[in-house]
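Before we start, here is the structure in question, set down as structure tokens.
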Amino acid sequence: MSQFHCIQISLVSDIQVVQLVDEKIMDPLRIEQLGKELLSLSDGDDPPFLVLSFSTVRFLSSAAINKLIVLERRIKARGGKLLLTDLRSEIRDVFGFTHLDSHFRIRNDLAAAIAELTSDS
Amino acid sequence: MNNAAMPWNLDTSIPSDHSQACDLIRLTLDQLEKGSWSEADIFAIQMALEESLMNAIKHGNKSDPAKSVHVVIQLTDEDFFLKVADEGAGFQLCDVPDPTCDENIEKCSGRGIMLMRHLMDTVEYNYPGNSVQMRKHRRRDQ
């Protein structure tokens with residue numbers, strides 16, 4: 001049984017694809033859990049190369065965004081790379097006007113993200 | 001088709017409890033969906049409602065269950081109005097770190113306020129800063 005409750009992991013071309021499970025990421029306890037699960041993915045021996053898919057997400061709060069920022073910093077510090085994909089337009093706008101689009105690598109779809117990480121890793 | 005009973009007004013107080021805030025958000029979203037508001041407007045209102053309630057509970061009332069959050073919502077077919085007041089000492093906007101600066105990027109405060117100001121048409125704080133009211137006009141061009 002998976003140890004994860006807020007994410008689902010799959011392997012595509014040897015790249016870890018992390019699917020966010022919740023449609024609305026706003027419950028504080030659930031966000032804490034999500035943060036722990038995401039950070040656990042950056043704990044391995046090798047630099048983490050991850051694609052984080054938002055295809056199911058309709059809403060996320062600023063508290064959830066903070067968890068993503070911590071994850072991105074951790075992965076970058078370990079020499080890895082994090083790509084975000086399949087963000088609905090409203091969520092992508094949020095990353096834009098908070099200037100977070102300069103901190104995160106955002107790609108339109110999973111195929112583009114996988115192709116980029118496959119050539120990098 | 002518009003099935004909502006407009007106008008819809010809410011004037012209530014909730015304890016400093018996240019689950020009750022989430023219940024209030026769901027109740028409001030249900031009214032917006034019944035009124036056939038657009039996905040973009042609903043996203044904006046949900047974000048503003050969620051951020052203002054969490055700020056009031058966490059930063060205003062310090063999550064003290066003995067303190068309450070007063071919420072006023074006035075929803076018509078054209079406008080959404082929200083007022084959220086807490087029992088805290090308030091704050092000054094100039095003291096809130098700019099969340100777009102690199103040194104503040106990991107701080108939890110500031111981003112929610114910035115989001116509300118971008119997503120709503122007007123956002124106003126009282127003095128001493130323990131009450132915020134905001135308004136969004138319905139967009140019909142989508």
Side-chain angles (χ1 to χ4, degrees), chain A residues 6 20-36 38-39 42 52 54-78 82 84 86-106, chain B residues 16-26 28-30 32-33 37-59 61 63 96-120 123 136 139 142:
Chain A
C6 302
L20 297 169
V21 170
D22 293 344
E23 190 177 85
K24 296 185 178 184
I25 307 174
M26 55 187 282
D27 177 77
L29 293 177
R30 191 80 176 166
I31 290 170
E32 282 305 308
Q33 177 67 24
L34 173 65
K36 288 176 185 172
L38 289 173
L39 282 183
S42 65
L52 190 55
F54 286 71
S55 63
T56 58
V57 180
R58 292 183 62 213
F59 177 82
L60 82 169
S61 68
S62 68
I65 292 173
N66 287 334
K67 299 299 180 189
L68 300 180
I69 292 168
V70 173
L71 174 68
E72 194 273 340
R73 289 263 164 129
R74 171 84 70 89
I75 287 177
K76 187 182 285 183
R78 297 205 58 234
L82 171 69
L84 311 185
D86 296 304
L87 282 72
R88 62 178 288 194
S89 61
E90 290 84 4
I91 294 176
R92 192 159 184 154
D93 287 346
V94 164
F95 280 80
F97 59 66
T98 53
H99 298 195
L100 288 172
D101 53 355
S102 62
H103 287 264
F104 288 97
R105 294 176 174 89
I106 300 174
Chain B
S16 299
D17 178 80
H18 292 117
S19 65
Q20 296 217 23
C22 288
D23 289 344
L24 195 151
I25 292 169
R26 286 190 197 97
T28 307
L29 295 182
D30 188 44
L32 292 165
E33 287 169 0
W37 283 58
S38 70
E39 284 272 318
D41 279 346
I42 291 175
F43 180 91
I45 290 170
Q46 179 171 5
M47 181 69 85
L49 192 51
E50 201 270 349
E51 296 294 340
S52 58
L53 288 173
M54 295 309 160
N55 281 347
I57 290 171
K58 185 178 175 184
H59 300 297
N61 289 349
S63 299
V96 177
D98 180 353
T100 63
C101 293
D102 199 54
E103 64 266 27
N104 299 327
I105 202 82
E106 289 190 38
K107 292 180 180 173
C108 292
S109 57
R111 192 168 294 109
I113 292 172
M114 185 181 197
L115 289 170
M116 287 188 282
R117 294 171 84 104
H118 269 273
L119 292 167
M120 305 300 279
V123 178
K136 186 166 187 66
R139 289 157 63 187
Q142 295 170 6

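Each chain gets a letter, A, B and so on, in the order its sequence line appears, and its residues count up from 1. Keep in mind it's a predicted model, so treat the numbers as computed, not measured.
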Cut-off 4.5 Å, heavy atoms of chain B, and the answer for A/Arg88 is side chain
Using non-hydrogen atoms and a limit below 4.5 Å, what part of residues 71-78 of chain A faces chain B?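 So the qualifying residues are A/Arg73.
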Pairs touching residues 24-36 of chain A that satisfy salt bridge (Lys or Arg N to Asp or Glu O under 4.0 Å), sequence neighbours left out: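 Salt bridge (Lys or Arg N to Asp or Glu O under 4.0 Å) check on residues 24-36 of chain A returns A/Asp22-A/Arg30, A/Glu32-A/Lys67.
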Can you say whether B/Ile42 sits under 4.5 Å from chain A via the side chain, the backbone, both, or neither, judging by heavy atoms? neither
Minimum heavy-atom separation for B/Glu50 to A/Phe59, with atom names?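 Result for this residue pair: CB-CZ, 4.2 Å.
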Atom CD1 of A/Ile65 and atom CZ of B/Arg111: how far apart are they, to the nearest 0.5 Å? 6.5 Å
Below 4.5 Å from any heavy atom of chain B, which atoms of A/Ile91 appear? Answer side chain, backbone, both or neither.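 For A/Ile91, backbone and side chain are both near chain B.
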To check you understand the geometry: which heavy-atom pair defines the closest contact between A/Met26 and B/Gln46, and what is its length? SD-NE2, 3.3 Å
Where on B/Leu29 is there a heavy atom nearer than 4.5 Å to chain A: the side chain, the backbone, both, or neither? side chain
Between A/Pro28 and B/His18, what is the shortest heavy-atom contact and its length? CG-CG, 3.5 Å
Over all heavy atoms of both residues, which pair between B/Ile105 and A/Ile69 is shortest? Give the atoms and the distance, please.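 Shortest heavy-atom contact: O-CD1, 3.4 Å.
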With rounding to the nearest 0.5 Å, note down the distance linking CG in B/Asp102 to NE2 in A/His99.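 One gets 12.5 Å once the value is rounded to the nearest 0.5 Å.
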Any idea which of B/Met54, B/Met47, B/Lys58 has the most non-hydrogen atom pairs under 4.5 angstrom with chain A? B/Met47
